[in-house]
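Okay, so here's the structure we're looking at.
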Amino acid sequence: MDTRFVGIPEVVETPSVAVVVDVMRAFTVAAWAFAQGAEKIVLAESLDEALALKERDPDRVALKDGPLTPGFDLVNSPGLLRSADLAGRTVVQKTTAGTVGALAVKDASLVLCAGFVVAEATARVLGTRAAEHVTFVVTGEDGRAEEDLACAQYIARRATGRGADAAGFLRRAAASRAATELARGVRQGAHADDVALCLELDRFPFAMVAAEEDSLMVLRPCAAPRP
């Protein structure tokens with residue numbers, strides 16, 4: 001498997017297979033949403049689109065970065081989301097980096113969205129698809145987010161069958177700028193447990209696949225193949 005690691009601005013052509021990584025916090029939140037019963041997640045291009053999608057179907061749950069604002073139901077925090085009842089609901093998610101990264105590669109034949117909480121499941125899907133070329137999109141900080149790069153590199157090693165001690169990758173993520181800002185309360189719309197929840201390795205047994213449905217980019221859980 002040939003792998004490359006790029007930031008969102010470096011996505012200049014459509015990759016064949018893409019893994020979009022946002023550890024803190026978009027795709028940790030997405031995994032929690034599925035664990036709380038969400039049926040699917042629509043990845044919105046803008047806050048206005050997210051609100052329009054919710055207006056079209058008021059049963060949808062709109063979620064965004066930062067503090068809660070009118071029209072939105074939830075914020076991009078796993079700590080705050082874990083008590084939500086999302087059974088059978090459709091979540092509309094718009095974030096600063098994660099959703100942007102997924103939309104940047106929407107024409108790829110396979111788009112996986114990932115964080116540490118679904119790392120092993122993501123690696124297994126890549127392994128069973130026998131993907132020859134895989135592009136990992138490091139969404140945070142224009143491709144420099146250490147937590148996203150560490151997670152991407154860990155998944156790549158697992159997918160290629162090489163042994164990988166997760167501890168070192170998790171330490172890198174824990175020392176990242178995003179983790180530090182969350183721990184210090186710099187970022188709004190956060191919970192004190194967010195960093196710890198984002199660093200829970202393989203908390204969930206599913207991967208997350210994004211694909212176009214009715215002109216929208218929709219994320220759904222995907223059962224991981226057995227080892």
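Using a 4.0 Å cut-off between charged nitrogen and carboxylate oxygen, Asp59 and Lys54 do not count as a salt-bridge pair. Looking at Glu146 and Arg177, no side-chain N of the basic residue comes within less than 4.0 Å of a carboxylate O on the acidic one, giving no salt bridge.
Here the closest heavy-atom approach between residue Gly79 and residue Asp194 is recorded as N-OD1, 2.8 Å. When all heavy atoms of Met24 and Ala173 are compared, the pair lying nearest together is CE-O, 3.9 Å. For the pair Ile8 and Thr139, the tightest heavy-atom approach, listed with the atom from each and the gap, is CD1-O, 3.8 Å. Shown here for Val23 and Gly115, the closest heavy-atom pair between the two residues is CG2-CA, 4.2 Å. Nearest approach of Ala102 to Val20, heavy atoms of both residues: N-CG1, 3.6 Å. The shortest heavy-atom contact between Ala26 and Thr95 is CB-OG1, 3.7 Å.
Between Thr69 atom OG1 and Leu47 atom CG the span is 7.0 Å, to the nearest 0.5 Å.
Counting heavy atoms from C-beta outward, Thr3 and Phe136 have side chains that approach closer than 4.5 Å.
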Under the criterion side chain to side chain donor-acceptor pair (under 3.5 Å), I'd like the reasoning laid out for Asp107 against Thr14: C-alpha separation, chi angles, the key distance, then a yes or no. CA-CA 6 Å; Asp107 293 327; Thr14 301; 4.5 Å; no
Show, in sequence, the C-alpha distance, side-chain angles and deciding distance for Phe72 and Leu63, and conclude whether the side chain to side chain contact (heavy atoms under 4.5 Å, CB included) test is met. CA-CA 6 Å; Phe72 285 87; Leu63 182 156; 5.7 Å; no
Verdict with supporting geometry, Val117 and Leu201, side chain to side chain contact (heavy atoms under 4.5 Å, CB included): CA-CA 5 Å; Val117 291; Leu201 185 67; over 6 Å; no
Could you check Val111 against Val209 for side chain to side chain contact (heavy atoms under 4.5 Å, CB included), going step by step and ending with a plain yes or no? CA-CA 6 Å; Val111 179; Val209 177; 5.9 Å; no
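No more than 12 heavy atoms of other residues, nucleotides or ligands sit less than 6.0 Å from atom CD of Glu55.
With sequence neighbours excluded, the residues forming a side chain to side chain donor-acceptor pair (under 3.5 Å) with Glu200 are Arg203, listed by chain and number.
Note on residues 170-191: no pairs pass ring-ring contact (aromatic ring centres under 6.0 Å, His included), not counting sequence neighbours.
Judged purely by distance below 3.5 Å, without hydrogens or angles, the side chains of Gln36 and Arg89 never pair a donor atom with an acceptor atom. Using modelled atom types and a 3.5 Å distance limit, the side chains of Arg60 and Thr90 yield no donor-acceptor pair.
Both Phe204 and Leu86 sit in one connected hydrophobic cluster of ILVMFWY residues. Membership requires side-chain heavy atoms under 4.5 Å apart, directly or through other members.
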